[in-house]
A.B. asks: 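One structure, as structure tokens, below. Some questions next.
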Amino acid sequence: MQRLEQTARIIDRCNEGIGRAVSWLTLGMVVVTFLIVILRYLFNVGSIAVQEAVTYMHALVFMLGAAYTLKHDGHVRVDILYRCFGPRGQAWVDLVGTLLLLLPVAGFVLWVSWEYVATSWALREGSRQTGGLAGLYLLKTAIPALAVLLALQGLALTLRGVLVLRGHTEAAPQHDAPREI
């Protein structure tokens, strides 16, 4: 039991660190977008590379921050009864959802993206735009990273669900206050 909780904590810490690090890109996006506006409207200067940098940062925030969002229960839930369930009922919903939906989708994304990303690396693919950023293959690497990080966080969610179902309710994920949608 302790090993399951320890594994879940290690995965949580990993995704917490990545999520917090990637969150700084949102500030970078604001600053770079402000720079783009100033350069374009005050100095009549444009840069495709700088504009692509905002797009790259945006993509990284979503792809590398998805597991962090899952860890903090920030994704939109479509199940109406989840809030009404106790820890064991929520553990069942999380367990079934993770095993039947999250992990298969993460596996599919990893499988489908592998050749796409490998081809991009083989070509050292860059921007199609003249003056764009050279490292598009690096950005595409975030696609399988998304799948791996989500699968790992799904594993942590599964481990916690198993612990709760075995009577260790203290292992239940700590969700923020419910949000009204």
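Any value given below was found using the heavy atoms of this structure, including those in side chains, with hydrogens, waters and symmetry copies removed. In this chain, residues are counted from 1 in sequence order.
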A.B. asks: Hydrophobic cluster membership, with links at side-chain heavy-atom distances under 4.5 Å among I/L/V/M/F/W/Y: are L103 and L100 in one?
C.D. replies: yes
A.B. asks: State whether the side chain of H72 and the backbone N or O of E16 hold a donor-acceptor pair below 3.5 Å, judged by distance alone.
C.D. replies: no
A.B. asks: Taking the side chain as every heavy atom from C-beta outward, state whether I48 and T130 have any atom pair closer than 4.5 Å.
C.D. replies: no
A.B. asks: On a heavy-atom basis, which atom in E52 and which in G132 lie closest, and how many Å separate them?
C.D. replies: OE1-CA, 3.3 Å
A.B. asks: Got more than 12 heavy atoms from elsewhere within 6.0 Å of CZ, R124?
C.D. replies: yes
A.B. asks: Ring pair (Phe, Tyr, Trp, His ring centres under 6.0 Å): which pairs involve residues 118-143, sequence neighbours left out?
C.D. replies: W121-Y137
A.B. asks: Can you name the residues that form a salt bridge (Lys or Arg N to Asp or Glu O under 4.0 Å) with E125, not counting sequence neighbours?
C.D. replies: K140
A.B. asks: Quick one, Q153 and I11 - any side-chain contact, counting heavy atoms below 4.5 Å?
C.D. replies: yes
A.B. asks: What I'd like to find out is whether the side chain of V22 reaches to under 4.5 Å of the side chain of Y68, using heavy atoms alone.
C.D. replies: no
A.B. asks: Within the 4.5 Å heavy-atom criterion, are L95 and T158 side-chain neighbours or not?
C.D. replies: yes
A.B. asks: Report the relative orientation of the aromatic rings in F62 and H58; use parallel for angles under 30°, tilted for 30 to 60°, perpendicular for over 60°.
C.D. replies: perpendicular
A.B. asks: Q6 versus I10: any side-chain heavy-atom pair under 4.5 Å?
C.D. replies: yes
A.B. asks: With the 4.5 Å side-chain cut-off for hydrophobic clustering, are V148 and W111 part of the same group?
C.D. replies: no
A.B. asks: Using a 3.5 Å distance criterion without hydrogens, assess whether the side chain of R40 forms a donor-acceptor pair with backbone atoms of V45.
C.D. replies: no
A.B. asks: Applying the 4.5 Å side-chain criterion to the ILVMFWY set and letting contacts propagate, would Y116 and L138 be lumped into a single cluster?
C.D. replies: yes
A.B. asks: Check for a donor-acceptor pair, side chain of T33 on one end and backbone N or O of V30 on the other, with a separation under 3.5 Å.
C.D. replies: no
A.B. asks: Quick check: does any side chain N or O of S120 sit under 3.5 Å from a backbone N or O of V117, one acting as donor and the other as acceptor?
C.D. replies: no
